[in-house]
Amino acid sequence: MKKNHFQGCRFVLSTIASFPAILFVYSPFLLGVTLIGVAIPFATGRLIDALAYGRPFQTPFLVLSALLLVKALLTPLLERYICARSRRIETDLQFRVLDTIMNFSPGRLAALPDGEVIAKLTRDTYAIGGFVRGLYPRALQAVTMMLAAGFALQSRSSLLGIGFIVFFPLVLLLFVPFAQRFAANSHRVRAQGDASFNSLIDFLTTLPLLRTLDAEQRFADAPQNALEKLKDGNSESDALTIRFGFLLGFLLVAGQIAVLGIAGSLAAKGAIPVGDVVLYQMLFLAALQSIQGVIALLPELAALREAADSLGEVFRYPPPKPVQDPLAPLETLAFDHVTFAYPRTPDHPVVRDFSATFRPGSIVGLFGANGAGKSTLLKLAVGAMEPQSGAVRFNGIPLDRINRPLFRQRIGVVFQDSLLVTGTIRENITLRDPKFTPDDLQRALERSGFDDVVKRLPQGLDTIVGNFFRTLSGGERQRLAIARAIIRNPQILIFDEATNHLDANARKSIAGLIHTLRPGRLILLAGHDAELDKLSDVKISCQIPENDSYIMV
């Protein structure tokens with residue numbers, strides 16, 4: 001935990017340092033405006049003395065007016081400047097988080113739920129931007145005002161100066177317990193926020209199915225419970241803030257009464273001018289408000305630390321292992337005593353101590369009951385998952401030691417869920433890779449049988465599809481996925497239940513396509529299709545032992 005906090009603090013400081021203009025342009029101007037705020041009470045006192053003692057008041061009036069005008073003009077300009085910079089920082093952080101997550105290993109990515117990814121991209125980056133936009137200038141102003149006002153008080157009245165010097169550390173000590181409680185509650189709210197994000201995403205993903213079966217109300221308890229817990233955490237934060245604010249306000253009023261009493265008695269004795277009563281009152285009020293401003297940051301600082309720790313969970317991982325580059329053509333793809341279990345069931349491996357070696361020109365069929373590990377083996381083969389023990393090797397090299405981008409360019413996959421990206425049909429097939437020519441695209445369409453579908457669509461290849469667009473049927477989505485796989489001219493071709501949504505004629509067509517693609521390629525098939533079974537020259541039976549607690553291949 002301590003390491004996380006240190007990482008988080010360093011991360012926040014490096015964020016500020018990455019924009020030198022904040023330190024060297026904005027900060028000096030902000031300090032200047034703050035010092036103008038300290039000078040205003042002195043100008044006010046002089047104006048009051050001039051009026052009280054019958055002296056010329058024009059010059060003090062002009063000075064005070066000039067100070068007020070400069071402060072009024074500079075304040076919104078500074079706010080606009082820092083708001084623009086903070087929004088840029090937020091966006092840069094979001095890009096960094098995305099880039100880092102895209103480079104995560106499959107194991108790390110699987111351990112990070114979608115809800116937490118969204119929270120880090122929105123809630124936590126916004127908190128860092130909020131620090132730059134709000135906390136940083138307020139803290140800088142408060143500390144500057146506090147020091148300047150305290151020095152001014154000391155120079156005019158040693159009694160008030162000493163009182164201020166004693167008052168400040170006592171106030172800080174008084175709020176140490178609040179700081180600890182804010183830190184603990186902020187951590188709890190962050191965990192509850194992550195849980196609510198994850199629960200909502202899970203519920204909304206399944207909502208169409210639940211609504212079809214009139215079961216949505218019976219499954220709404222999970223997100224509702226998560227939101228209720230988040231509400232309780234936020235309510236505790238509100239209660240702490242209210243108690244905190246009451247104590248701060250009470251101290252502020254007590255300080256004002258004390259200063260008025262001391263300054264009033266000194267003025268009554270003729271020890272100080274009448275104007276100094278207002279001067280001391282304004283200075284001490286400014287000093288107390290500065291203390292209040294610093295201490296009032298405690299709740300937000302606790303939330304900021306949690307945001308920094310949360311982002312630190314993304315950036316704290318060591319760099320990837322060295323890779324071997326360039327990647328040679330496929331000679332062997334080997335499973336070397338591979339064991340894999342999903343994170344939620346670590347004691348129940350889906351694949352246990354599996355070893356096999358495959359070569360180009362082979363068609364490998366994985367057959368067995370649902371849940372026997374066929375899809376898991378295919379995902380391990382292409383590096384979409386990582387084994388807990390053993391290794392998957394490309395030409396004898398473990399997949400985590402090779403150049404992943406080059407390796408992925410040699411893979412074509414057709415998984416049973418046929419995921420689409422939001423974009424045009426052309427973008428879904430080429431994945432926006434400019435190396436594919438119109439002829440490459442046309443060949444992939446014809447070989448997959450998807451060209452007839454494209455011809456029927458009014459916008460053809462420019463038709464927008466995706467997981468939120470219901471333009472294509474299940475079979476059409478499957479053919480698109482096949483076109484996407486074969487346009488890459490892969491060395492390793494994966495078909496996972498690829499013919500599930502196709503009719504009998506289409507299944508025979510896909511079987512013929514796989515046969516023609518066989519030379520020079522390793523083709524891995526999983527499913528129950530008799531046509532594909534006939535093609536396989538290597539058959540692997542995946543079984544679930546009846547009397548064992550794990551799934552075995």
Side-chain angles (χ1 to χ4, degrees), residues 1-13 15 90 93-94 96-98 100-101 104-132 134-135 175-207 219-244 296-317 342-347:
M1 184 65 68
K2 290 181 179 179
K3 181 180 178 182
N4 285 355
H5 289 338
F6 175 76
Q7 176 80 6
C9 293
R10 188 175 64 178
F11 175 73
V12 172
L13 292 175
T15 299
E90 285 176 22
L93 279 178
Q94 289 165 346
R96 283 181 60 193
V97 171
L98 276 176
T100 303
I101 290 175
F104 267 14
S105 66
R108 290 176 188 169
L109 190 59
L112 190 61
D114 292 342
E116 292 185 31
V117 173
I118 294 173
K120 294 178 191 301
L121 282 168
T122 54
R123 177 196 64 196
D124 299 331
T125 56
Y126 180 80
I128 301 298
F131 167 74
V132 176
L135 288 177
F175 287 101
V176 167
F178 274 100
Q180 296 171 342
R181 294 186 65 181
F182 274 124
N185 195 67
S186 292
H187 183 73
R188 183 165 59 253
V189 168
R190 174 194 161 193
Q192 292 164 344
D194 289 345
S196 63
F197 271 110
N198 293 331
S199 182
L200 283 168
I201 288 177
D202 182 63
F203 177 72
L204 292 174
T205 301
T206 57
L207 181 58
F219 284 85
D221 59 330
Q224 287 172 350
N225 290 338
L227 291 171
E228 185 69 24
K229 290 180 180 179
L230 179 60
K231 185 268 293 180
D232 291 341
N234 286 325
S235 296
E236 178 63 21
S237 295
D238 294 338
L240 278 172
T241 302
I242 291 170
R243 292 195 294 270
F244 187 69
L297 299 179
L298 292 179
E300 297 175 71
L301 287 173
L304 171 67
R305 189 182 72 175
E306 285 302 318
D309 290 348
S310 178
L311 291 172
E313 294 171 0
V314 175
F315 298 120
R316 73 185 177 192
Y317 289 104
Y342 287 95
R344 294 187 178 181
T345 55
D347 298 328

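Here the shortest heavy-atom pairing between Val189 and Leu230 reads O-CD1, 3.8 Å. Listed here is the closest heavy atom pair of Leu200 and Pro223: CD2-CB, 3.8 Å. The minimum heavy-atom distance between Ala307 and Ala127, with the atom names listed, is CB-CB, 3.5 Å. Smallest separation of non-hydrogen atoms from Phe197 and Gly115: CB-O, 3.5 Å. Closest of all the heavy-atom pairs between Phe315 and Val97 is CZ-CG2, 3.8 Å.
A donor-acceptor pair under 3.5 Å is absent between the side-chain atoms of Asp124 and the main chain of Ser310, judged by distance alone.
Not counting sequence neighbours, Ala195 has no partner by the side-chain contact (heavy atoms from CB on, under 4.5 Å) test. Judged as a ring-ring contact (aromatic ring centres under 6.0 Å, His included), and not counting sequence neighbours, Phe219 has no contacts. Residues satisfying the salt bridge (Lys or Arg N to Asp or Glu O under 4.0 Å) test with Glu116, not counting sequence neighbours, are none. Contacts of Thr125 classified as side-chain hydrogen bond (donor to acceptor under 3.5 Å, both in side chains), with partners at least two apart in sequence or in another chain: Gln94. Legend: residues meeting salt bridge (Lys or Arg N to Asp or Glu O under 4.0 Å) with Asp202, ordered by chain and number and at least two apart, are absent. For Ile201, the side-chain contact (heavy atoms from CB on, under 4.5 Å) partners at least two apart in sequence or on another chain are Asp114, Ile118, Thr205. Under the rule for a side-chain contact (heavy atoms from CB on, under 4.5 Å), the partners of Thr206 that lie at least two apart in sequence or sit in another chain are Leu210. In terms of the side-chain contact (heavy atoms from CB on, under 4.5 Å) criterion, residue partners of Leu207 (sequence neighbours excluded) are, by chain and number, Phe203, Leu204, Arg211, Glu216. Judged as a side-chain hydrogen bond (donor to acceptor under 3.5 Å, both in side chains), and not counting sequence neighbours, the contacts of Ser237 are Asn185.
Sorted by first and then second residue, the salt bridge (charged side-chain N to carboxylate O under 4.0 Å, His left out) pairs involving residues 183-193 (not counting sequence neighbours) are Arg190-Glu306, Arg190-Glu313. Every pair passing side chain to side chain donor-acceptor pair (under 3.5 Å) that includes a residue from residues 220-229 is listed here, sequence neighbours excluded: Glu228-Lys231.
If you run side chain to side chain contact (heavy atoms under 4.5 Å, CB included) between Lys120 and each of Ile101, Leu112, Thr100, only Leu112 comes through.
Gln192 contributes atom CD, which lies 7.5 Å from atom CG of Asn234 (distance to the nearest 0.5 angstrom).
Shown here is Arg123, whose CZ atom has more than 12 heavy atoms of other residues, nucleotides or ligands within 6.0 Å.
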